[in-house]
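This report refers to the structure that appears directly beneath it.
In this chain, numbering begins with 1 at the start of the sequence shown.
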Amino acid sequence: MFIRKLSDCEEFIAGDNCTLREILHPDKADLRLRYSLAHAIVKPGMTTLLHRLRTSEVFYIIRGEGVMHIDDETAPVGPGSTVYIPPNAKQCIHNAGTTDLVFLCIVDPAWRKEDETVLEGGK
């Protein structure tokens, strides 16, 4: 049995500039997973850096209000919203609320630094 508490996961600033804690990653624990699972926070008024992943990604919004940007599309997101981000899509998320925007990120196959490209310029 494998159980991991969020409070036991090291917090760091991710490449897109959000606060991240990796909960599950097959390279960091003896787990038979293809995907990685992380907990992310974007502070009020902040926007993650525009970036793309070679892999697919799913966000599940837990708390807060935001605006999701994927390629040329924009949509509001809030608690209970699930967002699919296709491989190689330009993406960023903006915290449009007054509290932390908190969400889970599932990357499949598991996130690797070399699969992420931070893009210059804005949306």
Sidechain N-carboxylate O distance under 4.0 Å for Glu22, Lys28: yes

Tell me whether Asp71 is salt-bridged to Lys90, with the criterion being a basic N under 4.0 Å from an acidic carboxylate O. no

Sub-3.5 Å donor-acceptor pair from the side chain of [X] to the main-chain atoms of [Y], do we have one?
| X | Y | answer |
| --- | --- | --- |
| Arg52 | Ala89 | no |
| Asp100 | Val102 | no |
| Asp115 | Arg54 | no |
| Ser56 | Asp108 | yes |
| Asn95 | Val42 | yes |
| His25 | Trp111 | yes |
| Arg21 | Leu6 | yes |

Side chains of [X] and [Y]: does their closest heavy-atom pair fall under 4.5 Å?
| X | Y | answer |
| --- | --- | --- |
| Arg32 | Pro26 | no |
| Thr55 | Pro87 | no |
| Leu101 | His94 | no |
| Val67 | Val77 | no |

Distance check, rounded to the nearest 0.5 Å: [X] atom [atom1] versus [Y] atom [atom2]?
| X | Y | atom1 | atom2 | value |
| --- | --- | --- | --- | --- |
| Thr117 | His51 | OG1 | NE2 | 10.0 Å |
| Cys18 | Ile13 | SG | CD1 | 7.5 Å |
| Asp27 | Arg112 | CG | CZ | 8.5 Å |
| Cys105 | Glu57 | SG | CD | 5.0 Å |
| Ile41 | Thr99 | CD1 | OG1 | 10.5 Å |

Do Met68 and Ile61 share a hydrophobic cluster, counting only Ile, Leu, Val, Met, Phe, Trp and Tyr and linking them when any side-chain heavy atoms are less than 4.5 Å apart? yes

Are Leu31 and Leu104 in one and the same hydrophobic cluster, where Ile, Leu, Val, Met, Phe, Trp and Tyr link if side-chain heavy atoms are under 4.5 Å apart? yes

side-chain contact (heavy atoms from CB on, under 4.5 Å) for Leu53 and Ile85? Distances and angles first, verdict last. CA-CA 9 Å; Leu53 294 176; Ile85 305 162; over 6 Å; no

Give a yes or no on whether the ring-centroid distance for Tyr60 and Phe103 is below 6.0 angstrom. no

For the residue pair [X] and [Y], what are the closest heavy atoms and their distance?
| X | Y | value |
| --- | --- | --- |
| Leu20 | Ala14 | CD2-CB, 3.9 Å |
| Tyr84 | Ile70 | O-CD1, 3.6 Å |
| Thr74 | His69 | OG1-ND1, 3.1 Å |

Starting from the C-alpha separation in whole Å, work towards a yes-or-no answer on side-chain contact (heavy atoms from CB on, under 4.5 Å) for Ile93 and Phe59. CA-CA 10 Å; Ile93 191 166; Phe59 288 177; 4.2 Å; yes

Are Val118 and Leu49 close enough, and set up right, to give a side-chain contact (heavy atoms from CB on, under 4.5 Å), and what steps lead you there? CA-CA 7 Å; Val118 175; Leu49 297 175; 4.0 Å; yes

Crowding at CZ, Arg4 (>12 non-hydrogen neighbours, <6.0 Å): yes

